Amino acid sequence: MEVRWSIFLIILGSALVTFIPRVLPIAILSRVELPEWTMRWLNYVPIAVMAALVGQELLMPNGKLEPLQKNLELLAALPAFMIAIVTRSLLGTVVAGILSIMVLRFVF
């Protein structure tokens with residue numbers, strides 16, 4: 001089997017590009033004690049990222065704003081949101097969201 005050096009270098013470069021941003025912050029921040037306000041701030045990063053991802057998909061499902069009547073994803077998110085508030089169950093929320101979108105797509 002012949003190895004093309006250009007492909008090998010591309011794979012190696014891709015590995016470095018994904019490895020360095022993940023390992024470097026952990027290596028540096030594991031030796032430094034961060035202030036308490038920074039740790040509080042960092043606790044909100046995952047929530048903010050998830051809200052941005054979900055919000056974009058709910059409000060712009062096809063890359064553009066959809067009217068509420070045609071936005072099935074947003075309508076399906078309402079029962080899932082209610083289940084999440086009442087039960088605080090991730091599994092229940094996911095199942096409610098999946099069932100909601102299935103019913104809406106079948107009806108409309």
Side-chain angles (χ1 to χ4, degrees):
M1 184 167 129
E2 182 182 343
V3 176
R4 285 196 257 170
W5 284 104
S6 60
I7 301 296
F8 179 72
L9 291 175
I10 290 172
I11 293 171
L12 187 62
S14 298
L16 283 173
V17 166
T18 58
F19 181 75
I20 290 173
R22 294 175 189 196
V23 172
L24 195 60
I26 292 173
I28 293 172
L29 294 177
S30 66
R31 296 190 172 117
V32 176
E33 186 167 336
L34 297 172
E36 192 265 332
W37 65 269
T38 306
M39 294 304 293
R40 273 196 330 250
W41 182 80
L42 287 172
N43 283 333
Y44 292 108
V45 170
I47 298 167
V49 169
M50 184 60 78
L53 292 172
V54 170
Q56 181 180 2
E57 284 299 315
L58 288 179
L59 298 175
M60 300 174 59
N62 297 322
K64 59 183 185 315
L65 285 174
E66 293 280 335
L68 184 59
Q69 297 83 4
K70 293 184 179 182
N71 194 342
L72 296 181
E73 287 82 5
L74 186 59
L75 293 174
L78 296 176
F81 183 69
M82 298 302 281
I83 295 290
I85 290 174
V86 172
T87 66
R88 303 262 184 207
S89 167
L90 180 61
L91 179 62
T93 303
V94 170
V95 169
I98 291 171
L99 290 175
S100 298
I101 195 70
M102 286 173 55
V103 168
L104 286 171
R105 286 184 179 170
F106 181 73
V107 171
F108 295 107

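Keep in mind that what you see is a predicted model, and the values were worked out from it rather than measured. Numbers for residues simply follow the sequence, beginning at 1.
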Taking every non-hydrogen atom, the tightest pair across [X] and [Y]:
X	Y	result
Pro79	Ser100	CG-OG, 3.4 Å
Ile28	Val32	O-CG2, 3.5 Å
Leu104	Leu72	CD1-O, 3.6 Å
Pro21	Leu16	CD-O, 4.2 Å
Ala80	Thr93	O-CG2, 3.5 Å

Separation between CG of Asn71 and CG of Leu58, rounded to the nearest 0.5 Å: 7.5 Å
Distance (rounded to the nearest 0.5 Å) between Ile10 CD1 and Trp5 CH2: 13.5 Å
[X]-[Y] co-clustered via ILVMFWY side chain contacts under 4.5 Å:
X	Y	answer
Val54	Leu59	yes
Leu74	Ile101	yes
Leu90	Leu78	no
Leu29	Trp41	yes
Leu53	Ile47	no

Contact check, side chains of Met60 and Glu73, non-hydrogen atoms, under 4.5 Å: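 A side-chain contact under 4.5 Å is absent here.
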